[in-house]
Structure formats: C-alpha cells, structure tokens
Amino acid sequence: MRTLVDRRRFNLLLGAGVAAGALGARMPRARAAGKITVLNWQGYGTDESWALKLFAEQTGIEVVHDYFNSEQEMFTKLRTNPGAYDVALINSAWTSRIAEEGLLNPIDFATVPNSADLDPLLRDSSNFAFDGKSYGVAWVWGMNGLGVRKDKAAGAQSLEVLWSPEAVGRVALYDDAITEVGIAALLFGESINDPKDMKAVVEKLKAMKPNVKLIWSSEDQWNKAFSAGEFDYSIYWSGAAGRSQKTFKLPVDFIVPKEGAIGWLDGLSVPASAPNKAEAVSFINYMIDPKFYVQWATEVGAPASANAKAMEQLPADDPQKLIHKTEYLKNLQFMSPMPDDRRQAFVDAWEEVKAFYAT
C-alpha cells in the first residue's frame with residue numbers, strides 16, 4: 001500500500017514563485033478520438049492506473065494527465081492553454097473566481113447520474129456557484145483541526161489547548177497562512193476567510209511561541225516527527241489523520257474542537273474550452289462513483305468522498321468514515337474565495353508570526 005500524495009500542501013499562496021515560462025508554456029491541442037486530458041495534482045486519485053484502465057475498458061476513453069504544483073499554477077494553465085484540458089481539479093475556494101473569467105462550463109447535473117448521491121451541503125456549495133449556475137461537481141472534502149496523541153486527547157476539545165501550559169514545547173503547526181490565520185479567527189468567533197482584526201490574530205498566534213516545537217509542511221514530515229515523539233498537539237488534516245492511523249498505526253486522534261474546524265472541498269470541473277465535454281462529464285461521473293471511491297480509499301488512501309453513498313459503503317472501522325461525520329459539515333467554515341490583497345495579508349501575517357517564533 002502506498003500513501004496518498006501530500007495534496008494538502010495547497011501552496012495556495014506560492015504562485016508568484018513559479019517561473020513564468022513554465023506556467024505559460026502552451027500544451028499541444030491535438031487530440032486522438034476517445035482521449036481526454038485531466039489537470040490535477042499528481043497522485044491525487046484521478047491518475048490511479050487501475051482506475052484509468054477500468055474506465056477505458058468501460059467507455060473506450062483514454063485518460064491522460066497534466067499536473068500543477070499550486071492553485072495559482074492551475075489557474076494560469078487554464079488561462080493560457082485554451083483547449084488543452086477536459087477536466088480540472090479545482091478547490092472550491094477558487095471555482096467561482098475561475099468561472100467568473102469565463103473559463104469553466106456550467107454543470108448540468110442531469111448528465112451526472114452519480115451526483116444524485118452527493119451530500120446536498122457539498123453538492124450545492126455556494127463556492128461552486130457563479131451567476132446562478134454551478135461550475136463544479138463536489139468530489140472530496142476534509143477538515144483542518146486538531147491532531148492529538150491519544151493519551152492527551154481527553155483535554156483537547158478546544159483550540160485553546162495549543163496555548164495551554166501542558167502543551168509547552170509540544171505543538172506542531174501547519175506551515176500555511178490560510179490555515180493558521182483561520183485557526184485564530186475560529187478562536188475569536190470570526191470568519192476564517194475575513195477576520196476583522198488581523199492585528200489581534202497575529203498577537204494570538206505569537207502568544208503560542210513557547211509551545212511551538214515544529215512547523216511542518218508535509219504529511220511525511222508530520223508522521224515521522226509524531227512517531228519520534230517530538231510533539232503531542234497539532235493542527236492536522238482529517239484525511240491525513242486517518243492515513244496515519246490506518247497505514248502507520250500511529251496513536252493520533254483527530255478532533256473537531258468546540259470552536260469548529262476549517263473545511264475544504266475539492267471539485268471536478270469542465271473547462272469552457274474543453275474539446276471533449278461529454279467524455280469529460282462521463283469521467284467526472286466515474287470519479288464520484290462509490291465503486292471507484294471505495295477501492296481508492298481502502299487500497300490507496302483517500303480524503304472523504306462527497307458522495308454519501310460511497311462513505312456508507314466504507315468498512316465500519318475505516319478511519320475516514322469514523323473521522324468524517326456528516327454532522328460536522330454544518331459546523332465547518334469552508335475555505336472560500338478571497339481577493340488577492342486579503343490573501344497577501346494572510347501571508348504577511350503568518351510570515352510575521354514565523355519570524356517572531358524564530359527570534
């Protein structure tokens with residue numbers, strides 16, 4: 001069994017660092033009959049070889065991939081390569097913004113039969129909507145909350161545990177501005193996407209300095225440090241926590257604290273310039289099929305499916321099923337679209353906090 005790629009290193013904020021030449025390179029537009037191109041993170045579900053083989057056998061459609069390393073890179077590729085892609089993986093925090101530029105085709109759910117089993121709270125997310133139409137099919141979702149060593153979990157029902165005396169030198173934080181600013185915003189009862197007092201957010205995060213042992217950036221790094229006993233309390237991804245339990249047998253509990261957690265939702269979209277729209281929709285329908293998802297989740301490791309029927313079909317003791325309870329959806333604040341200046345303010349705030357930790 002291999003571990004799912006570290007997809008949740010969103011790098012939402014790193015697009016400026018990618019070389020312009022690489023981003024602007026145009027993809028060839030030639031298409032063989034019965035072939036579609038998918039734009040996604042590498043190793044993130046849509047490129048599982050066994051799944052593509054089965055899909056080709058069922059439909060006669062060959063699937064090839066192109067990859068991105070940040071959300072900005074994905075956006076740029078859609079802008080600069082019209083006609084190159086048939087399906088794109090887009091986090092819902094970006095969907096409406098991309099649709100507003102006319103780069104996506106609206107979704108007709110009547111042509112996506114498996115969408116009938118999508119959880120309505122995810123299927124109908126306002127983040128997928130623009131001008132009264134939906135531009136994304138909900139695929140997988142997850143939460144950024146507390147990952148806690150099991151023998152410490154009883155007292156970790158609030159985010160405040162990260163600032164507590166018992167957590168001195170025992171905290172690991174995710175190196176992501178959107179997440180860490182959002183954590184402080186949750187404590188203040190504010191919007192994770194638009195906290196009103198950024199100065200208070202920065203000061204709250206700085207106050208955690210005595211407790212912070214590690215700032216991690218990959219799932220592999222988190223697993224190794226946790227296994228070595230370097231920390232007990234962390235901000236962690238729900239899907240990764242399930243893999244840490246199942247694959248590596250680590251004693252970690254994932255907790256949705258009383259203040260709530262940060263939700264994320266990935267969708268599959270059809271670019272407006274896609275040359276094979278019907279085939280693209282067929283592939284999206286296959287990707288949300290419980291048969292595909294259950295095999296992906298049990299044999300490889302996957303985030304929670306937006307398809308309620310797929311989640312029901314997971315084994316009763318599957319960590320993803322136990323962690324991703326549908327009742328949490330009503331209490332999550334989902335990452336949502338934000339203007340570039342606010343996104344930069346989040347980056348600046350987190351960089352200031354990290355510089356303070358380093359002193």
Side-chain angles (χ1 to χ4, degrees), residues 6-18 69-73 91 93 142-149 156 158-188 190-226 228-238 240-241 252 257 259 261-262 264 333 335 338-359:
D6 178 18
R7 177 264 176 277
R8 295 315 307 162
R9 283 181 299 174
F10 259 74
N11 292 329
L12 286 172
L13 314 165
L14 301 182
V18 182
N69 295 302
S70 73
E71 300 287 349
Q72 269 94 347
E73 184 181 2
N91 179 266
M143 303 168 282
N144 294 356
L146 289 173
V148 179
R149 197 171 298 275
S158 167
L159 289 170
E160 286 288 1
V161 72
L162 301 174
W163 284 263
S164 66
E166 59 265 32
V168 171
R170 306 301 297 168
V171 170
L173 298 179
Y174 174 34
D175 192 5
D176 177 74
I178 299 293
T179 298
E180 299 307 336
V181 169
I183 290 299
L186 283 173
L187 272 171
F188 295 147
E190 294 189 4
S191 166
I192 66 168
N193 299 294
D194 190 16
K196 299 305 180 185
D197 191 343
M198 190 62 78
K199 182 178 180 180
V201 164
V202 168
E203 292 307 310
K204 183 65 176 177
L205 292 173
K206 285 182 176 180
M208 206 192 308
K209 179 179 178 178
N211 294 14
V212 177
K213 175 66 178 294
L214 173 70
I215 296 177
W216 62 275
S217 59
S218 75
E219 187 173 328
D220 180 64
Q221 182 187 11
W222 190 99
N223 283 325
K224 288 177 178 176
F226 186 84
E230 293 185 19
F231 62 89
D232 299 317
Y233 308 90
S234 74
I235 298 300
Y236 202 26
W237 309 320
S238 56
V252 56
E259 296 88 358
I262 298 172
W264 59 266
Q333 286 197 45
M335 295 177 180
M338 64 175 66
D340 289 339
D341 58 347
R342 189 188 308 156
R343 191 178 298 278
Q344 187 60 49
F346 279 44
V347 174
D348 294 343
W350 179 231
E351 290 301 318
E352 179 181 343
V353 170
K354 288 195 293 181
F356 178 77
Y357 289 164
T359 60

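In this chain, numbering begins with 1 at the start of the sequence shown.
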Under the rule for side-chain hydrogen bond (donor to acceptor under 3.5 Å, both in side chains), what residues qualify as partners of [X], not counting sequence neighbours?
X      : answer
Ser158 : Glu259
Glu190 : none
Glu352 : Lys206
Asp197 : none

Can a donor-acceptor pair be found, under 3.5 Å and without considering hydrogens, that links the side chain of [X] to the backbone of [Y]?
X      : Y      : value
Glu180 : Asp176 : no
Arg149 : Phe226 : yes
Asp232 : Val148 : no
Ser238 : Met143 : yes

If you take all heavy atoms of [X] and [Y], which pair is closest and at what distance?
X      : Y      : value
Ser191 : Ala185 : O-CB, 3.6 Å
Asn211 : Leu162 : ND2-O, 2.8 Å
Pro210 : Val168 : O-CG1, 3.6 Å
Ile178 : Phe346 : CD1-CD2, 3.8 Å
Leu173 : Val212 : CD1-CG2, 3.8 Å

Any residue meeting side chain to side chain contact (heavy atoms under 4.5 Å, CB included) with [X], in chain and number order, not counting sequence neighbours:
X      : answer
Ala349 : Val181, Met198, Val202
Ala225 : Leu214, Glu230, Phe231
Ala241 : Tyr236, Phe254, Ile323

With sequence neighbours excluded, tell me which residues meet salt bridge (Lys or Arg N to Asp or Glu O under 4.0 Å) with [X].
X      : value
Asp341 : none
Glu351 : Lys354
Lys213 : none
Asp194 : Lys196, Arg342

(message) Below 30° counts as parallel, above 60° as perpendicular, anything between as tilted: where do the rings of Trp216 and Trp237 land?
(response)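 Perpendicular.
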(message) Would you say Asp175 and Trp350 are linked by a side-chain donor-acceptor pair, where the criterion is simply a distance under 3.5 Å?
(response)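 Looking only at side-chain atoms, Asp175 and Trp350 do form a donor-acceptor pair, the distance falling under 3.5 Å.
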(message) Quiz question: by atom type and distance under 3.5 Å, do the side chains of Asp340 and Gln344 form a donor-acceptor pair?
(response)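 Looking only at side-chain atoms, Gln344 and Asp340 do not form any donor-acceptor pair under 3.5 Å.
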(message) Is the positively charged end of Lys204 above the ring of Trp163, judged by distance under 6.0 angstrom from the centroid and angle within 45° of the axis?
(response)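 Pair Lys204/Trp163 counts as cation-pi.
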(message) For a side-chain contact (heavy atoms from CB on, under 4.5 Å) check, start with the C-alpha distance between Lys209 and Val353, then their side-chain angles and the critical distance, and finish with the verdict.
(response) CA-CA 9 Å; Lys209 179 179 178 178; Val353 170; over 6 Å; no
(request) May I have the step-by-step check of side-chain contact (heavy atoms from CB on, under 4.5 Å) for Met335 and Thr179, ending in yes or no? (result) CA-CA 9 Å; Met335 295 177 180; Thr179 298; 4.0 Å; yes
(message) My understanding is that only residues two or more places apart in sequence, or in another chain, count here; which of them pass ring pair (Phe, Tyr, Trp, His ring centres under 6.0 Å) with Tyr233?
(response)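 Counting only residues at least two positions away or on another chain, Tyr233 forms no ring pair (Phe, Tyr, Trp, His ring centres under 6.0 Å).
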